[in-house]
Amino acid sequence: MYITEFFAELGTDWVHDGSTRHRWVADVLETMLAEPHAGPDQPPEAFCRLIDCLMTPADALSHVPCSLDAPVTTS
C-alpha cells in the first residue's frame, strides 16, 4: 500500500508529494493536530481515525485497508 492510499482510506485528501516520507507524515500529523477539535482532551477527528486504524489488530494482521467511512477534508 502506498502512503497516499493509506491516508485516502482514512477519508482524507492528503497526497504524498514525493518528499521524504517520514518528514511528509510528520507535517501531515502536525497539520491534522492543528485542526479544530472539541477540547484539549479530544484530538481532531481525522487524527482519531488515524490512531483507530493503526491500533486495530485485525487490520494489521490481515493487511486489509482500514474501513473508516467519514471523509475529512484538508486545507
Side-chain angles (χ1 to χ4, degrees):
M1 171 184 301
Y2 293 100
I3 195 164
T4 297
E5 292 172 357
F6 173 77
F7 279 91
E9 289 170 2
L10 293 175
T12 71
D13 295 327
W14 294 104
V15 176
H16 184 234
D17 60 8
S19 62
T20 305
R21 289 197 294 171
H22 74 273
R23 184 69 248 157
W24 182 83
V25 170
D27 290 342
V28 168
L29 294 178
E30 185 175 335
T31 303
M32 275 185 174
L33 288 170
E35 292 176 355
H37 50 286
D41 61 341
Q42 178 65 41
E45 185 179 334
F47 185 78
C48 290
R49 287 199 311 269
L50 172 81
I51 298 302
D52 286 344
C53 177
L54 294 174
M55 298 303 291
T56 302
D59 287 342
L61 296 174
S62 67
H63 302 286
V64 173
C66 299
S67 53
L68 305 168
D69 300 323
V72 172
T73 57
T74 59
S75 53

Verify same cluster id: L54, F47 (apolar side-chain graph, 4.5 Å): yes
Within one Ile-Leu-Val-Met-Phe-Trp-Tyr cluster: V28 and I3, side-chain cutoff 4.5 Å: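 Per the 4.5 Å side-chain linkage, V28 and I3 are co-clustered.
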Test item: [X] side-chain N/O and [Y] main-chain N/O as donor-acceptor pair under 3.5 Å:
{"X": "E5", "Y": "Y2", "result": "yes"}
{"X": "H16", "Y": "S19", "result": "yes"}
{"X": "H22", "Y": "T20", "result": "no"}

[X] [atom1] to [Y] [atom2] distance, which is reported to the nearest 0.5 Å:
{"X": "W14", "Y": "L29", "atom1": "CH2", "atom2": "CG", "answer": "9.5 Å"}
{"X": "E9", "Y": "C53", "atom1": "CD", "atom2": "SG", "answer": "7.5 Å"}
{"X": "L10", "Y": "M32", "atom1": "CG", "atom2": "CE", "answer": "6.0 Å"}
{"X": "W24", "Y": "D27", "atom1": "CH2", "atom2": "CG", "answer": "9.5 Å"}
{"X": "L33", "Y": "L50", "atom1": "CG", "atom2": "CG", "answer": "9.0 Å"}

Least distance between heavy atoms, [X] atom then [Y] atom:
{"X": "C48", "Y": "P43", "answer": "SG-O, 3.6 Å"}
{"X": "P44", "Y": "P36", "answer": "CB-O, 4.0 Å"}
{"X": "F7", "Y": "T12", "answer": "O-OG1, 2.7 Å"}

